[in-house]
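Take a look at the structure below.
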Amino acid sequence: MVSEHPHTPEAPAAAATEKVLPRDKAPRFPGGPAADPAGSHHERRIRSFQPRRSRVTTGQGEYLERLWPVWGFDIDGLRTIDLGEMFDGLPVVLEIGFGMGEATAQMAADDPATGILAVDVHTPGQGNLLGLAERGGMSNIRVANGDAIILLREMLEPEVLDGLRVYFPDPWPKARHHKRRLIQPEFLSLAATRMKPGAVLHCATDWEDYAEQMLEVLGAHPDFENTVEGGGYAPRPAFRPLTRFEGQGLDKGHVVHDLLFRRVGHSG
């Protein structure tokens, strides 16, 4: 099955002139993303992701070393982030899991008036997105490394997000691993506290049973309402790019479901 799951991405072939660093010799990138940024500061729990630092190209490594101090930060859970200062007052959308970053970069280029705080644990993707941002002149992207739960719970103020995007999260297809799926009632309750009233949570997946679970838990959650009249899945909005991986899946008959749910409630 072809799918662009952020934490198990299908890595594109490296350019013929660009060396792929061996897994056991991948550099630690001085000043770059940490292997375990939260360390022992926070409780160990079942996580919805698996950190990977493999297959970093020399180009990605160069972007990490040079641009991480400018546009990147580790999710250490030890400080509160001022999104207004970080994005010069732009409205900010949090994207959890961005794979290699092509779709994120496209959305940032198409909407320069919106800041995108992009979170992932995949080191090659972090370097690739930083490079895309620089080459495209997109200053409205920031890249965060680590656990999005810690970011939401420990590092963001209440009601600061203008949107939340979770595109093609790891489906954890085996039944015994479903507890690792990100879209669960507990996650939604936490996310709702950091989203402004009216902000939209946008999920997309090509796993049918995960889409059904998303629709069920979102539909039952008191802090969210479906933007689709009568309920159900939403058409793919024009602002979400059709990625190469998604296109390959569609060509094979796979079905992608989009869900757009609005944060309800009143500020304060």
Side-chain angles (χ1 to χ4, degrees), residues 1-12 45-52 54-55 93-104 106-107 118-122 124-125 128-129 147-149 152 163-192 200-221 223-228 230-262:
M1 185 171 191
V2 178
S3 180
E4 188 178 22
H5 301 124
H7 307 309
T8 54
E10 182 178 329
R45 56 177 172 76
I46 295 174
R47 291 185 174 179
S48 61
F49 63 89
Q50 293 180 324
R52 300 200 307 148
S54 61
R55 298 187 60 80
V93 172
L94 174 65
E95 182 178 2
I96 299 178
F98 55 80
M100 296 305 291
E102 291 94 343
T104 305
Q106 184 63 56
M107 289 185 289
V119 179
D120 211 306
V121 293
H122 187 230
N128 197 61
L129 179 54
D147 190 339
I149 300 296
L152 286 164
L164 176 57
R165 297 167 180 165
V166 184
Y167 298 156
F168 303 98
D170 194 320
W172 295 101
K174 295 181 179 179
R176 68 176 183 272
H177 291 156
H178 284 184
K179 62 182 177 292
R180 297 180 180 271
R181 288 176 168 176
L182 181 63
I183 306 302
Q184 308 276 5
E186 297 80 6
F187 168 77
L188 296 178
S189 294
L190 172 61
V200 172
L201 168 60
H202 181 191
C203 301
T205 182
D206 59 349
W207 285 77
E208 187 70 31
D209 70 318
Y210 198 3
E212 293 171 355
Q213 176 187 329
M214 290 178 177
L215 189 61
E216 179 180 356
V217 298
L218 276 163
H221 201 283
D223 292 329
F224 292 93
E225 63 180 7
N226 201 332
T227 64
V228 176
Y233 302 111
R236 180 179 68 87
F239 66 80
R240 183 175 74 76
L242 181 68
T243 67
R244 176 170 59 91
F245 297 99
E246 183 181 353
Q248 291 173 349
L250 292 172
D251 288 343
K252 295 180 180 180
H254 300 164
V255 178
V256 175
H257 292 295
D258 284 81
L259 302 91
L260 285 89
F261 277 73
R262 182 181 297 109

Practice problem: Quick one: pull up CG in D258 and OH in Y167 and give me the separation to the nearest 0.5 Å. | Solution: 7.5 Å
Practice problem: Could you walk me through whether I183 and T205 pass side-chain contact (heavy atoms from CB on, under 4.5 Å), step by step? | Solution: CA-CA 11 Å; I183 306 302; T205 182; over 6 Å; no
Self-check item: Closest contact, heavy atoms only, G101 versus L129
Solution: O-CD1, 3.5 Å
Quiz item: To the nearest 0.5 Å, how far apart are CG in L260 and CZ in R240?
Solution: 9.5 Å
Quiz prompt | Polar side chain donor-acceptor pair, E208 to H257, under 3.5 angstrom | solution = yes
Quiz item: Can the ring centres of F261 and H221 be said to be less than 6.0 Å apart?
Solution: no
Practice problem: List the atom of L218, the atom of C203, and the distance in Å for their closest heavy-atom pair. | Solution: CD1-SG, 4.5 Å
Quiz item: Going from CD on E246 to CG on D206, what distance comes out if it is rounded to the nearest 0.5 angstrom?
Solution: 8.0 Å
Practice problem: State, to 0.1 Å, how close F239 and M107 come at their nearest heavy-atom pair, and which atoms those are. | Solution: O-CG, 3.2 Å
Quiz item: Do R236 and L242 come within less than 4.5 Å of each other through their side chains, counting heavy atoms only?
Solution: yes
Quiz item: What is the distance from atom CZ of R180 to atom NE2 of H178, rounded to the nearest 0.5 Å?
Solution: 12.5 Å
Practice problem: Identify the two heavy atoms, one from F98 and one from G125, that lie closest to each other, and give their separation to 0.1 Å. | Solution: CE1-O, 3.5 Å
Practice problem: Taking all non-hydrogen atoms of both residues into account, name the closest pair between Y233 and V228 and its distance. | Solution: O-CG2, 3.8 Å
Quiz item: Hey, what do you get for CG (D223) to CG (L190), rounding to the nearest 0.5 Å?
Solution: 11.0 Å
Exercise. List the steps, then state whether side-chain contact (heavy atoms from CB on, under 4.5 Å) holds for D170 with L182.
Key: CA-CA 8 Å; D170 194 320; L182 181 63; over 6 Å; no
Quiz prompt | Any donor-acceptor N/O pair, D120 side chain to G99 backbone, under 3.5 Å | solution = yes
Quiz item: Under the side-chain contact (heavy atoms from CB on, under 4.5 Å) criterion, do Q184 and Q213 qualify, and how do the steps go?
Solution: CA-CA 9 Å; Q184 308 276 5; Q213 176 187 329; 3.6 Å; yes
Exercise. Report yes if the side chains of H254 and Q248 come closer than 4.5 Å at any heavy-atom pair, otherwise no.
Key: no
Self-check item: Where I149 and F187 come nearest, the two heavy atoms and their spacing
Solution: CD1-CD1, 3.5 Å
Exercise. Would you give the length of the straight line joining atom CD of E225 to atom CZ of R262, rounded to the nearest 0.5 angstrom?
Key: 5.0 Å
Quiz item: For E216, does the CD atom sit with more than 12 other heavy atoms under 6.0 Å from it, leaving out its own atoms?
Solution: no
